Visitor: 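This is the structure, below, for whatever I ask next.
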Amino acid sequence: MGWQSLNRKYVVAEIGPLWLTFIRWSVAFLFLLPISYFLERPRYGEIMKQFWLPLSITGILGIIGYNLLLYGALEYTSPMNAAIVNALNPAVIVILSYFLLKERMTFVNVVGFILSLVSVLFILTNGHLQWIFQTSYNRGDLMMLIAGVV
């Protein structure tokens with residue numbers, strides 16, 4: 001076993017998933033802030049005056065809430081189940097965009113929504129879609145669904 005795998009195991013064992021997530025987003029922020037400034041030339045003062053509350057809520061729910069639910073779900077379900085349920089996110093986005101943002105649904109949106117939903121359900125049920133109503137779901141699967149909504 002090389003020193004790299006030992007270091008990786010040490011980091012994962014000692015730091016924890018939430019701290020690693022914080023580090024990841026902090027590093028991304030440090031790189032993206034100057035890029036956004038030079039490419040977009042945003043007026044941060046005006047943006048923060050008008051949108052500080054929705055941006056704060058979105059950041060808290062999108063980063064902290066999602067990661068807490070994801071890591072919590074992985075205590076109760078397998079990573080494979082979590083990944084498959086996470087594949088429902090595009091369908092959830094279409095539904096929430098329609099109801100919350102009043103976005104218009106085009107034919108392509110509807111076909112994509114149906115295709116992604118049926119595909120995920122097909123994989124989840126091993127091709128037996130009637131199992132959806134016969135299967136018992138665990139707490140982790142439900143937490144992953146909530147994470148997708150968050």
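Nothing here was measured: the structure is a model prediction, and the numbers come from that model.
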Visitor: Please enumerate all residues that pass side chain to side chain donor-acceptor pair (under 3.5 Å) together with Arg24, with sequence neighbours excluded.
Guide: none

Visitor: Is the backbone N or O of Leu33 less than 3.5 Å from a side-chain atom of Ser36, with the two atoms forming a donor-acceptor pair by type?
Guide: yes

Visitor: Can you name the closest pair of heavy atoms from Asn138 and Gly140 and give their distance?
Guide: OD1-N, 2.9 Å

Visitor: Would you mind writing out the side-chain donor-acceptor pairs for residues 142-150 within the sub-3.5 Å range, not counting sequence neighbours?
Guide:
none

Visitor: Rounded to the nearest 0.5 Å, what's the gap from CH2 on Trp25 to CG on Leu32? Could you check?
Guide: 8.5 Å

Visitor: Cluster question for you: counting only ILVMFWY and a side-chain heavy-atom cut-off of under 4.5 Å, with indirect links fine, are Leu100 and Ile93 together?
Guide: no

Visitor: Applying a strict under-4.5 Å side-chain criterion to I, L, V, M, F, W and Y, I'd like to know whether Val94 and Val92 cluster together.
Guide: no

Visitor: Among Ile, Leu, Val, Met, Phe, Trp and Tyr joined by side-chain contacts under 4.5 Å, find the other residues sharing a cluster with Leu115 and list them by chain and number.
Guide: none

Visitor: In residues 105-113, what donor-acceptor pairs under 3.5 Å come from side-chain atoms, sequence neighbours left out?
Guide:
{"residue": "Thr106", "atom": "OG1", "partner": "Asn109", "partner atom": "N", "Å": "3.2"}
{"residue": "Thr106", "atom": "OG1", "partner": "Asn109", "partner atom": "OD1", "Å": "2.7"}
{"residue": "Asn109", "atom": "OD1", "partner": "Thr106", "partner atom": "N", "Å": "3.0"}

Visitor: Donor-acceptor pairs under 3.5 Å, side chain of residues 47-65 to any protein atom, not counting sequence neighbours: which ones?
Guide:
{"residue": "Ser56", "atom": "OG", "partner": "Trp52", "partner atom": "O", "Å": "2.6"}
{"residue": "Thr58", "atom": "OG1", "partner": "Pro54", "partner atom": "O", "Å": "2.7"}

Visitor: So, taking the atom named CG in Asn86 and the one named CG in Leu70, what distance separates them when rounded to the nearest 0.5 Å?
Guide: 7.0 Å

Visitor: Just to verify, what does Tyr76 make a side chain to side chain donor-acceptor pair (under 3.5 Å) with, not counting sequence neighbours?
Guide: Arg139

Visitor: Are Ile95 and Tyr98 linked, directly or through intermediate hydrophobic residues, by side-chain heavy-atom contacts shorter than 4.5 Å (ILVMFWY only)?
Guide: yes

